[in-house]
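Every number for a ligand or one of its atoms is a count from 1 in the order of the listing.
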Amino acid sequence: MQPTYPPEASEFRDKITDFLDTNLPSGWTGIGALSDHERVDFQDGWRKILRANNLLAPNWPAEYGGGGLTHIEQVILNEEFAKRGVPTAGGNDAFSIGMVGNTILVWGTEEQKSYYIPRILDGDDVWCQGYSEPDAGSDLANVACKAELDGDEWVINGQKIWTSAGSTANMIFALVRTEPDNTKHAGISFLLVSMDQPGVELRPITNMVGQDHFNEVFFSDARCPKGNVLGDLNNGWAVGNTLLGFERGVGATTTSLGFGAEYDQFVAMARERCLTDDPHVRQDIATFYTNIQIMRYRGMQALTRYLRGDNPGPESSIGKLFWSQHHQAITESAMHMMGADGMVGFGKETRGGLGAPVIGTDNTPSNWMASFMIARPGTIYAGTSEVQRNIVGERVLGLPKEPRADSGPWKDSR
Ligand SMILES: Cc1cc2nc3c(=O)[nH]c(=O)nc-3n(C[C@H](O)[C@H](O)[C@H](O)COP(=O)(O)OP(=O)(O)OC[C@H]3O[C@@H](n4cnc5c(N)ncnc54)[C@H](O)[C@@H]3O)c2cc1C
């Protein structure tokens with residue numbers, strides 16, 4: 001099954017292909033071929049090119065500086081970029097454009113939209129995500145970081161943790177408790193806070209491969225203007241969930257392309273190692289092929305919602321659960337196939353950064369090892385697999401809520 005596009009779409013597709021041919025470096029094979037250092041440099045330069053051509057956040061309204069493209073044009077752009085292994089934005093833009101920018105467009109006041117959206121596009125504000133706390137991960141409604149009004153400003157005290165890319169951000173969007181007497185979902189607000197102030201301290205956390213990808217963030221009498229609440233005061237739970245829909249739904253229409261390229265490499269490796277007659281390998285090849293097709297159909301489903309103008313809702317948990325589990329399975333199977341090579345690793349290693357595989361990566365044991373590592377946290381960030389299953393059960397399928405430890409008949413016996 002292939003989705004059909006209106007006739008004018010092919011004209012736009014040609015325009016994007018021409019743009020890529022003109023602006024990509026010669027010999028371009030995909031961002032997966034670049035080392036960490038080269039990738040950062042390329043993305044910085046590429047972001048500027050996209051901005052200059054109005055192709056950064058292409059479907060954001062033109063009145064705030066966005067590209068003003070239609071939904072279908074945005075999808076075509078995403079498809080063509082994904083096929084060539086080209087990023088659609090820069091370093092922190094998963095947070096700046098993909099998460100908070102999109103959420104500001106849904107929930108922001110006119111003033112907030114006119115102020116923040118152009119600043120995001122111009123790179124004046126670079127964002128990170130302040131959701132998790134030591135006692136609030138899956139149980140996000142347990143956030144304890146609090147904000148109290150002092151005249152025209154909020155004064156923020158508390159801690160966030162696992163803040164990805166915090167060191168390259170100057171702004172943080174934070175879920176904070178603004179009604180101390182309310183617990184859980186009520187009394188939380190979504191605040192927009194500057195990181196460039198004495199009351200905000202960032203401490204890096206080194207991950208298992210030695211990168212300082214995420215951080216702890218401490219707020220000690222940090223401040224932000226009273227008007228920096230996104231959505232209504234104490235309505236942060238709803239705003240925060242809109243953002244999570246964007247976070248989990250990211251790339252839904254193109255995910256199968258990156259994973260499809262990785263699958264092709266898996267099959268190529270099986271052939272190279274003369275393992276295509278091995279019944280376990282054959283079984284895995286069939287399973288992973290099926291998974292890619294499911295991702296493709298899920299992508300079309302997401303496309304239908306998107307073209308209707310719907311924001312990604314709890315359904316985005318289905319895709320997030322599916323691709324993250326698939327990624328662990330295929331990289332584990334690749335490690336088995338490689339045997340001792342998978343323990344030592346050799347050949348070019350360029351596979352860095354979280355998320356779906358990118359096109360251009362060489363089919364080397366080192367890259368499979370890196371992919372195996374990258375797949376590990378995929379079932380944790382943006383909500384664990386267990387949490388996604390709860391969301392799908394309760395909010396998509398409408399099944400009864402699961403028993404909770406903090407409510408129900410046993411709560412007083414704890
Ligand atoms: C690479 C990476 C990047 C991240 N980046 C960010 C970021 O930028 N900003 C941010 O705010 N956070 C970030 N996080 C944090 C992430 O959102 C949390 O780790 C995640 O929500 C899980 O929370 P937790 O670590 O506190 O685990 P816990 O919530 O303590 O969970 C522990 C285990 O219990 C299980 N569990 C918990 N509740 C239930 C339940 N009701 N039913 C069944 N099982 C349950 C979980 O599935 C898990 O297996 C990042 C995490 C990672 C790994």
Side-chain angles (χ1 to χ4, degrees), residues 91-100 103 126-145 156 158-169 171-176 184-185 188 190-193 195 200 202-219 236-237 239-241 243-248 250 316-317 320-321 324-325 327-328 352-356 370-395 399-408 410-411:
N92 273 53
D93 284 329
F95 300 101
S96 304
I97 294 177
M99 296 186 211
V100 76
T103 309
V126 178
W127 290 83
C128 63
Q129 179 181 31
Y131 271 27
S132 306
E133 298 180 9
D135 286 324
S138 304
D139 191 8
L140 188 58
N142 206 33
V143 288
C145 183
I156 308 147
Q159 184 196 346
K160 295 291 172 182
I161 193 168
W162 312 123
T163 313
S164 300
S167 59
T168 45
M171 294 292 292
I172 183 166
F173 52 90
L175 287 179
V176 297
K184 292 294 172 185
H185 309 79
I188 296 174
F190 191 108
L191 277 196
L192 310 173
V193 184
M195 308 262 286
V200 179
L202 201 72
R203 292 187 203 158
I205 304 173
T206 307
N207 69 15
M208 69 176 171
V209 287
Q211 300 159 333
D212 289 342
H213 166 78
F214 34 43
N215 305 267
E216 291 176 286
V217 180
F218 294 89
F219 298 98
W237 189 248
V239 182
N241 269 299
L243 185 136
L244 284 173
F246 285 119
E247 182 177 5
R248 291 168 183 156
V250 69
S316 58
S317 290
K320 199 269 163 174
L321 175 64
S324 57
Q325 305 268 131
H327 202 207
Q328 290 188 348
L354 296 174
S371 252
F372 172 78
M373 299 287 207
I374 286 164
R376 298 288 96 199
T379 51
I380 302 175
Y381 62 78
T384 65
S385 289
E386 290 78 10
V387 166
Q388 307 309 321
R389 287 195 189 92
N390 286 346
I391 293 171
V392 173
E394 293 172 17
R395 292 174 54 205
L399 298 175
K401 283 187 184 297
E402 68 158 18
R404 296 186 58 102
D406 55 0
S407 60
W410 44 80
K411 85 172 175 190

- Distance col, row Phe214:CZ vs Thr206:OG1, nearest 0.5 angstrom, shows 9.0 Å
Report yes if some heavy atom in the side chain of [X] is under 4.5 Å from a heavy atom in the side chain of [Y]; otherwise report no.
| X | Y | value |
| --- | --- | --- |
| Leu244 | Tyr131 | yes |
| Phe219 | Val200 | yes |
| Ile205 | Ile161 | yes |
| Lys184 | Asn142 | yes |
| Ser164 | Phe95 | yes |

Is there a protein heavy atom at a distance of less than 4.0 Å from [atom]?
| atom | answer |
| --- | --- |
| atom 3 (C) of ligand 1 | yes |
| atom 37 (C) of ligand 1 | yes |
| atom 34 (O) of ligand 1 | no |

- If you measure every N/O of Tyr131 against every N/O of ligand 1, is any gap under 3.5 Å? yes
Taking [atom] as the reference point, the nearest protein heavy atom with its distance:
| atom | answer |
| --- | --- |
| atom 15 (C) of ligand 1 | Ser132 OG, 3.2 Å |
| atom 32 (C) of ligand 1 | Ser138 OG, 4.9 Å |
| atom 43 (C) of ligand 1 | Glu386 CB, 3.6 Å |
| atom 42 (N) of ligand 1 | Asn390 ND2, 3.4 Å |
| atom 9 (N) of ligand 1 | Gln129 O, 2.9 Å |
| atom 20 (C) of ligand 1 | Ile380 O, 3.6 Å |
| atom 1 (C) of ligand 1 | Phe214 CE2, 3.5 Å |
| atom 52 (C) of ligand 1 | Tyr381 CB, 3.6 Å |

- Under 3.5 Å, is there a donor-acceptor pair linking the side chains of Thr379 and Gln328? yes
- Query: Any donor-acceptor pair under 3.5 Å linking the side chain of Lys160 with the backbone of Ile172?
  - Reply: no
- Query: How does Asn207 reach ligand 1, by side chain, by backbone, by both or by neither, if only non-hydrogen atoms under 4.0 Å count?
  - Reply: neither
- Note on the structure: The answer for which part of Thr384 has a heavy atom under 4.0 Å from ligand 1 is side chain
- Considering Gly137, Ala382, Ser164, which one's heavy-atom position lies nearest to atom 24 (P) of ligand 1? Gly137
- Go through the steps to decide whether Gln129 and Phe173 satisfy the test side chain to side chain contact (heavy atoms under 4.5 Å, CB included), and finish with yes or no. CA-CA 5 Å; Gln129 179 181 31; Phe173 52 90; 3.3 Å; yes
- Would you mind running through ligand 1 and noting each atom that sits below 4.0 Å from a heavy atom of Pro377? 1 (C), 53 (C)
- Task: Mind running side chain to side chain contact (heavy atoms under 4.5 Å, CB included) on Val387 and Ile391 for me, showing each step along the way?
- Result: CA-CA 6 Å; Val387 166; Ile391 293 171; 4.0 Å; yes
